[in-house]
Asks: 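Handing you this structure, nothing more for now.
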Amino acid sequence: MHTLNSSKAEITTFFLIGIPGLGHVHIWISVPICLMYLVAILGICTILFMIRTEPSLHAPMYYFLSTLAVSDLGLSLSSLPTLLQIFALNATGISPSACFAQEFFIHRFTNLESSVLLVMAFVRFLAICNPLRYSSILPNARVAKMGLVFFIKSMLLVLPFPFTLKRLTYCRKSLLSHSYCLQQDVMKLACSDNTVHFFYGFFVVLCMMTDSVFIAVSYVFILKTVMGIGFYKEQLKALNTCVSCICAVLIFYVPIISLASMHRFGKLKCPVAMILIAAIFLLVPPQMNPIVYCVKTQQIREKVLGKFGLK
């Protein structure tokens with residue numbers, strides 16, 4: 001640490017945390033973590049390869065699915081270095097610059113995934129509620145523009161985070177609450193005024209919560225439309241096309257809402273629960289999304305099995 005004045009010193013190293021009380025078995029915990037990352041990356045690469053190489057999958061829903069896979073890959077690669085550093089090497093220190101960079105990429109890909117899930121819900125709504133005009137409303141050129149807009153939006157929305165965090169002064173406290181850096185976690189270590197940063201962070205969270213509200217509204221309209229179909233088999237068929245999207249929404253939003261609630265309301269804090277939920281937030285969606293879409297999406301399932309010579 002280097003001295004700022006005679007009364008306080010600025011922190012030059014943050015310390016991440018593993019699982020309290022289980023430090024002696026962190027090396028063994030790193031094995032399943034590595035396996036989960038391996039499964040996630042292989043599944044994501046499989047999805048991207050299938051959509052890239054199969055002309056029958058060159059449709060709006062699959063383009064957005066590939067963007068979802070890219071955001072999952074970004075989340076995995078953003079969090080992998082510090083998790084392996086803690087559990088495999090038992091090294092918990094991280095420089096502020098590296099911490100700020102990590103939280104930027106984690107929040108950036110989190111916002112991208114939230115936006116993509118919203119668009120996928122809207123696309124599914126169009127496909128079910130207005131199937132005859134679906135192709136004309138969403139040509140490939142419009143899909144590409146929408147994807148580019150959301151990609152840029154997710155970056156610009158969280159771009160101020162690392163710069164504003166760097167302007168804060170950190171003294172006395174240096175221990176973070178997770179195995180990786182999050183904006184709200186780092187911000188609470190500051191001993192200088194962080195009011196502006198707090199409200200901007202709240203605004204970003206509010207944007208994601210707005211996405212979740214619109215997603216819920218989209219599926220309510222989808223359900224209303226499906227219930228208006230006269231034939232039971234047609235209802236099941238229509239609902240089955242939404243199962244993978246609904247699973248992806250739940251897998252993503254349940255952990256992130258739980259984690260955000262624990263950070264915002266101090267009385268709900270439980271260190272072990274926060275660590276587990278934070279691990280679920282980063283490890284489970286990238287691992288489960290490819291599995292869900294391969295199992296529940298017939299076109300992708302058939303193409304993947306066909307690559308292995310299976311029916």
Side-chain angles (χ1 to χ4, degrees), residues 14 64 67-68 70-72 74-75 78-79 96-122 145-170 173 176-220 248-269 274 277-278 280-282 285-286:
F14 293 132
F64 288 122
T67 307
L68 183 69
V70 169
S71 66
D72 283 334
L75 275 176
S78 299
S79 59
S97 297
C99 187
F100 301 154
Q102 185 183 49
E103 64 85 22
F104 166 76
F105 285 109
I106 288 177
H107 287 291
R108 187 262 177 91
F109 287 112
T110 300
N111 276 275
L112 178 61
E113 185 151 347
S114 177
S115 299
V116 173
L117 289 173
L118 172 60
V119 177
M120 291 177 72
F122 176 69
K145 291 178 182 178
M146 291 174 65
L148 181 61
V149 167
F150 283 113
F151 196 80
I152 296 174
K153 170 250 182 185
S154 66
M155 180 182 67
L156 295 180
L157 191 62
V158 300
L159 187 60
F161 280 170
F163 299 104
T164 54
L165 285 173
K166 195 169 185 178
R167 291 176 63 88
L168 297 176
T169 302
Y170 303 90
K173 296 185 294 182
L176 297 169
S177 305
H178 305 298
S179 303
Y180 50 86
C181 296
L182 290 178
Q183 174 264 339
Q184 58 268 39
D185 197 20
V186 176
M187 180 188 64
K188 291 181 179 180
L189 297 182
C191 54
S192 57
D193 182 39
N194 59 9
T195 304
V196 174
H197 199 281
F198 172 84
F199 281 107
Y200 185 75
F202 181 76
F203 168 73
V204 173
V205 172
L206 191 62
C207 290
M208 291 188 61
M209 294 303 101
T210 303
D211 289 348
S212 67
V213 171
F214 282 118
I215 290 172
V217 170
S218 298
Y219 283 112
V220 167
V249 169
L250 293 176
I251 289 170
F252 176 74
Y253 275 107
V254 171
I256 200 171
I257 291 175
S258 302
L259 189 61
S261 299
M262 287 184 171
H263 273 288
R264 297 296 171 183
F265 306 103
K267 293 181 180 179
L268 300 178
K269 282 188 177 180
M274 287 183 67
I277 293 174
I280 291 172
F281 159 56
L282 283 187

Asks: Find out whether Q183 and H197 are in side-chain contact, i.e. whether some heavy atom of one side chain is under 4.5 Å from a heavy atom of the other.
Replies: yes
Asks: With rounding to the nearest 0.5 angstrom, report the CD to CZ distance, E113 to F252.
Replies: 5.0 Å
Asks: Report the residues that fulfil ring pair (Phe, Tyr, Trp, His ring centres under 6.0 Å) with Y180, sequence neighbours left out, ordered by chain and then residue number.
Replies: H178
Asks: Got a sec, which residues hit side chain to side chain donor-acceptor pair (under 3.5 Å) with T110, two or more places apart in sequence or on another chain?
Replies: none
Asks: For a 4.5 angstrom cut-off between non-hydrogen side-chain atoms, does L68 reach F64?
Replies: no
Asks: Atom CG in L157, atom CG in L112: separation rounded to 0.5 Å?
Replies: 11.5 Å
Asks: Is the closest side-chain heavy-atom distance between I106 and L282 below 4.5 Å?
Replies: yes
Asks: Decide yes or no for R108 and F151: does some side-chain heavy atom of the first lie under 4.5 Å from some side-chain heavy atom of the second?
Replies: yes
Asks: What's the spacing between S212 OG and L117 CG if we round to 0.5 Å?
Replies: 10.5 Å
Asks: Identify the heavy atoms of I215 and S114 that sit nearest to each other, and give their distance.
Replies: CD1-O, 4.3 Å
Asks: Determine whether more than 12 heavy atoms belonging to other residues, nucleotides or ligands lie under 6.0 Å from atom CZ of F214.
Replies: no
Asks: Measuring from K188:NZ to L182:CG, what's the distance to the nearest 0.5 Å?
Replies: 10.5 Å
Asks: Given side chains that start at C-beta, do those of Y253 and D211 come closer than 4.5 Å, heavy atoms only?
Replies: yes
Asks: Taking all non-hydrogen atoms of both residues into account, name the closest pair between P285 and I251 and its distance.
Replies: CA-CG2, 3.5 Å
Asks: So, using side chain to side chain donor-acceptor pair (under 3.5 Å) as the criterion, who are the partners of T67 when residues are at least two apart?
Replies: none
Asks: Do the ring planes of F109 and F105 sit parallel (below 30°), tilted (30 to 60°) or perpendicular (above 60°)?
Replies: parallel
Asks: Give a yes or no on this: more than 12 heavy atoms of other residues, nucleotides or ligands lie within 6.0 Å of atom NZ of K145.
Replies: no
Asks: Could you grab the distance from atom CE of M187 to atom OH of Y200, nearest 0.5 Å is fine?
Replies: 13.5 Å
Asks: Return the set of residues passing side-chain contact (heavy atoms from CB on, under 4.5 Å) with L148 (not counting sequence neighbours), or none when no residue passes.
Replies: I152
Asks: If we only count heavy atoms from C-beta on, is the N111 to V158 side-chain gap below 4.5 Å?
Replies: yes
Asks: Under the ring pair (Phe, Tyr, Trp, His ring centres under 6.0 Å) rule, collect the residues that match up with F14, sequence neighbours excluded.
Replies: Y170
Asks: Hey, can you pull the donor-acceptor pairs under 3.5 Å for the side chains in residues 97-104, sequence neighbours left out?
Replies:
| from | atom 1 | to | atom 2 | distance (Å) |
| --- | --- | --- | --- | --- |
| Q102 | OE1 | C181 | N | 3.0 |
| Q102 | NE2 | S78 | O | 3.0 |
| Q102 | NE2 | T82 | OG1 | 2.9 |

